[in-house]
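See below for the structure under consideration.
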Amino acid sequence: MNPGRHRSWVEISLGRIAENFQAVRELVGPSVEVAPVVKADAYGHGAIEVSRLLQSAGARWLAVSSVEEGVALRRAGIATRILVMADFLESEREALFEFHLTPAIHSLEDLAVLDRMAADRGVPLPFHLKLDTGMGRLGTLAGPEEVLAALCGVRAARFEGLMTHFASAAHYASGQTERQIEAFNRMLARLEAAGLRPRYRHLGSTIPVAYARREAWGNMVRPGQAIYGYISPVRGTTRKPVLGVQPAMQWRATFLEIKDVPEGMLIGYGGMFRAPKPMRIGILAVGYADGFPHRLSNRGRVIVKGRYAPVVGAVSMDLTTVDVTGIEAVRGGDHATLLGVEQEASIDAQEIARLAGTISYAVLCGISSRVKRIYL
Ligand SMILES: *Cc1c(COP(=O)(O)O)cnc(C)c1O
């Protein structure tokens, strides 16, 4: 699309995102609520556009990391419930009320503060209490009796959800997930015995959904990467994902120049690559400032006219050089595909991550705002 009109752009298929969301819903069934995760600008796909699409596809909940992300969605007119998962700053408490955001509360002290604020306003602020069941990050470590006492003391806030998050969902052999599920269920049983049954009970993100680990679903799931078409591989099991999703994003960049260089020519910063023979080099208008990892220097590849073209030399801030020797048809103004499919060739975020020594999430989130988003 628009070859030559942008230096670098991503094409995002909203249809794919809707299909992926639908696939998750069908897998978990009607008794499990799906709260798609649209944090980090919807993993680089554009939080507002993606949230509008998900809302119109029937999502009743969306999950973000910060109050700021939640406020941006409200300002764009998103009316679904919004769960703020990664805590809030003192200065942001007020906005939880003003913008009808639902906080995940990670400490019993915060619970008391928000309860007081809710009482002062006469507003029944719903909240989800997050347990640290063994991840060692956010969430309360308080035991069942302490949590029960705190919840019994709540006057105006409304205990709507109990949640936790897994540290090692991808490591089936570790036993950590089983222990986390047990700790969660112990807390839930204690609260229920005292007559406190939260409307939502949730633990899992993409992996427990995709690998059908039902005991980790509760009655709400929080898929992020699956919505964008990715499922990470797991270890320690022969299980395969039962969820079918497809990547929604393709990333392209325009060739500024195509040039023939003589044997022995050094290419780019540091002379990291020396042409072993006369070569044709394509100079792409994309670099690490756009999120194309510097670690792909001399080791990544892109797709040009349906064929793989290796990255040669250093990826620089704004430019990347690739070997297009033998790809006769390519001209300045044509594009290369950095992520996506062209004819028989394809490159996904997991391949880039492997070559760059990172994870697919970081590749997607790393595509910078300089890269134009185009919605299909
Ligand atoms: C990011 C996040 C998710 C989504 O994770 P995916 O692996 O992308 O599905 C779910 N829950 C919490 C608490 C998160 O931070």
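Note that ligands are numbered from 1 as they come in the structure, with each ligand's atoms numbered from 1 the same way.
A cation-pi contact, defined as under 6.0 Å to the ring centre and within 45° of the axis, is absent between Arg74 and Phe99. Both tests hold for Arg121 against Phe97: distance to the six-membered ring centre under 6.0 Å, angle to the ring axis within 45°.
Contacts between Met85 and ligand 1 below 4.0 angstrom, taking non-hydrogen atoms only, involve the side chain exclusively. At a heavy-atom cutoff of 4.0 Å, ligand 1 is contacted by the side chain of Val37 but not by its backbone.
Nearest protein neighbour of atom 8 (O) of ligand 1, counting heavy atoms only, is Tyr43 OH, 2.5 Å. Summary of contacts: the protein heavy atom closest to atom 15 (O) of ligand 1 is Lys39 NZ, 2.7 Å. Given atom 5 (O) of ligand 1, the protein heavy atom at minimum distance is Ser205 CB, 3.2 Å. If you check which protein heavy atom lies closest to atom 7 (O) of ligand 1, you get Tyr361 OH, 2.6 Å. For atom 12 (C) of ligand 1, the nearest protein heavy atom (residue, atom name, distance) is His165 CE1, 3.3 Å. Looking only at protein heavy atoms, the nearest one to atom 9 (O) of ligand 1 is Thr206 OG1, 2.6 Å.
Remark: ligand 1 atoms within the under-4.0 Å shell around heavy atoms of Pro223 are 9 (O). Ligand 1 places these atoms under 4.0 Å from at least one heavy atom of Gln225: 6 (P), 8 (O), 9 (O).
Below 3.5 Å of separation, one finds an N or O of Arg222 facing an N or O of ligand 1.
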Fill in: Criterion salt bridge (Lys or Arg N to Asp or Glu O under 4.0 Å) on Glu33 and Arg81, from CA distance to verdict
CA-CA 12 Å; Glu33 189 69 60; Arg81 298 291 304 277; over 6 Å; no

Practice prompt. Please assess Phe166 against Ile207 for the test side-chain contact (heavy atoms from CB on, under 4.5 Å), listing each intermediate value before the final yes or no.
Written response: CA-CA 10 Å; Phe166 296 128; Ile207 288 178; over 6 Å; no

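Side chain of Trp217 to main chain of Gly204: no donor-acceptor pair is present (N/O by atom type, distance under 3.5 Å, no hydrogens or angles).
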Validation: residues 356-363 side-chain donor-acceptor distances under 3.5 Å, sequence neighbours left out:
| residue | atom | partner | partner atom | Å |
| --- | --- | --- | --- | --- |
| Tyr361 | OH | Gln225 | OE1 | 3.4 |
| Tyr361 | OH | Gln225 | NE2 | 3.3 |

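For Trp61 and His202, the ring centers sit 6.0 Å or farther from each other.
Not close to ligand 1: Ala226, with no non-hydrogen atom less than 4.0 angstrom away.
Salt bridge absent: Glu328 and Lys305 never bring a charged side-chain N and a carboxylate O closer than 4.0 Å.
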